[in-house]
Amino acid sequence: MSVTGKPADAAPAGAREYLTFRLGQEEYGIDILKVQEIRGYEPPTRIANAPSFIKGVVNLRGTIVPIVDMRIKFNCAQVDYNSFTVVIILNLRNRVVGIVVDSVSDVMELTAESIRSAPDIDSAIDASCILGLGSVGERMLILLDIEKLMSGVDMGLVSANE
């Protein structure tokens with residue numbers, strides 16, 4: 001059985017699974033294959049002169065992992081650390097990066113037909129990092145190309161040419 005409760009081989013052709021999470025009032029989705037694990041938030045060790053959205057680093061079983069607060073990166077109005085705050089550990093091009101989000105919702109399976117292209121608007125997120133908008137019932141997900149987002153020049157975490 002897959003995480004969605006259906007047999008793994010019952011996935012429609014072209015369907016992909018996305019881990020959904022919240023930042024403020026918005027719900028986002030990232031490719032589940034990029035996710036290594038989900039952990040509770042613990043304050044990281046600060047790094048001098050790092051951008052404000054890079055909260056610091058944590059030692060994860062011997063690997064030093066930079067922690068990016070997506071709420072600060074996306075200019076969310078309020079950044080509270082509570083019992084729902086989690087860190088999603090990502091494995092991007094064999095580099096491990098953690099992202100802080102308000103909460104994790106679930107894993108959703110989306111077909112290509114349920115994904116629409118994102119409108120061309122000015123936002124805190126580079127439009128090239130948005131794969132599209134996924135709709136499931138009344139829910140609207142902003143699907144992120146998390147690898148591209150984390151390898152942006154301003155991030156300084158994963159070089160774009162790796």
Side-chain angles (χ1 to χ4, degrees), residues 3 15-82 84-110 112 115-134 140-162:
V3 179
R16 296 185 81 154
E17 290 185 331
Y18 294 88
L19 176 70
T20 64
F21 61 88
R22 295 194 82 78
L23 292 174
Q25 299 301 311
E26 305 302 323
E27 196 168 14
Y28 295 86
I30 55 175
D31 186 342
I32 192 72
L33 297 177
K34 307 284 185 206
V35 177
Q36 181 173 308
E37 65 183 278
I38 300 168
R39 302 171 51 86
Y41 179 78
E42 56 187 57
T45 303
R46 291 281 309 152
I47 300 293
N49 298 322
S52 62
F53 56 84
I54 298 182
K55 299 303 292 178
V57 296
V58 296
N59 185 339
L60 181 65
R61 296 181 294 280
T63 302
I64 302 302
V65 179
I67 303 296
V68 176
D69 195 322
M70 298 301 280
R71 301 163 312 172
I72 297 170
K73 175 75 177 141
F74 289 178
N75 299 321
C76 290
Q78 195 171 354
V79 178
D80 292 326
Y81 297 90
N82 58 37
F84 295 108
T85 305
V86 296
V87 177
I88 302 171
I89 305 295
L90 305 168
N91 195 322
L92 308 172
R93 297 190 190 123
N94 296 318
R95 280 221 170 128
V96 181
V97 177
I99 59 173
V100 180
V101 299
D102 287 336
S103 63
V104 170
S105 304
D106 53 13
V107 176
M108 299 186 83
E109 191 174 86
L110 295 174
I115 300 173
R116 303 280 175 253
S117 59
D120 193 17
I121 55 173
D122 194 26
S123 71
I125 311 169
D126 180 358
S128 68
C129 297
I130 299 176
L131 296 172
L133 300 174
M140 182 70 68
L141 298 174
I142 301 168
L143 302 176
L144 298 175
D145 182 341
I146 196 69
E147 197 164 282
K148 192 174 216 177
L149 185 66
M150 290 292 120
S151 64
V153 176
D154 64 323
M155 296 298 285
L157 295 173
V158 180
S159 58
N161 59 4
E162 278 187 40

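Computation of the quantities below employed the complete heavy-atom set of this structure, encompassing side-chain atoms and omitting hydrogens, waters and symmetry-equivalent molecules. Residues: numbered from 1 along the sequence shown.
Here the side chains of Met70 and Leu149 are in contact, with some heavy-atom distance below 4.5 Å. The shortest distance between side-chain heavy atoms of Leu110 and Leu143 falls below 4.5 Å. Residues Leu133 and Ile142 are in side-chain contact: their nearest non-hydrogen atoms beyond the backbone lie under 4.5 Å apart. The shortest side-chain heavy-atom distance between Asp69 and Tyr41 does not fall under the 4.5 Å cut-off. Contact check for Leu60 versus Gln36: side-chain heavy atoms found under the 4.5 Å cut-off. You'll find the side chain of Val58 stays beyond 4.5 Å of the side chain of Arg39, heavy atoms only. Side-chain contact check for Leu90 versus Val35: some heavy-atom pair is nearer than 4.5 Å.
Looking at Val97, Ile30, Ile88, Leu131 one by one, the single match for side chain to side chain contact (heavy atoms under 4.5 Å, CB included) with Ile146 turns out to be Ile30.
One finds the CG atom of Asn82 at 7.5 Å from the CG atom of Asp102 (value rounded to the nearest 0.5 Å). Atoms CD1 and NZ, from Ile99 and Lys34 in turn, are 13.0 Å apart once rounded to the nearest 0.5 Å. Atom CZ of Arg22 sits about 11.0 Å away from atom SG of Cys76, to the nearest 0.5 Å. Annotation: the span from Leu23 atom CG to Asn75 atom CG amounts to 11.5 Å, rounded to 0.5 Å. Put simply, CG on Leu144 and CD1 on Ile130 are 6.5 Å apart, with the number rounded to the nearest 0.5 Å. Remark: Asp145 CG to Ser151 OG distance equals 7.5 Å, nearest 0.5 Å.
In Asp106, the CG atom is crowded: over 12 heavy atoms of neighbouring residues, nucleotides or ligands sit closer than 6.0 Å. Under a cut-off of 6.0 angstrom, the local environment of OH in Tyr81 is crowded, with over 12 non-hydrogen atoms contributed by other residues, nucleotides or ligands.
Closest approach of Val57 to Pro66, counting heavy atoms only: CG1-CA, 3.9 Å. The two residues Pro44 and Ile67 make their nearest non-hydrogen contact at CB-CG1, 4.2 Å.
Side-chain atoms of Arg71 come within 3.5 Å of backbone atoms of Asp80 as a donor-acceptor pair (strictly under, hydrogens ignored). At distances below 3.5 Å, at least one donor-acceptor pair connects side-chain atoms of Arg46 with backbone N or O atoms of Lys55.
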Pair Ile38, Phe21 - check side chain to side chain contact (heavy atoms under 4.5 Å, CB included), show working. CA-CA 11 Å; Ile38 300 168; Phe21 61 88; over 6 Å; no

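Ring planes of Tyr28 and Phe74: tilted class, angle from 30 to 60°.
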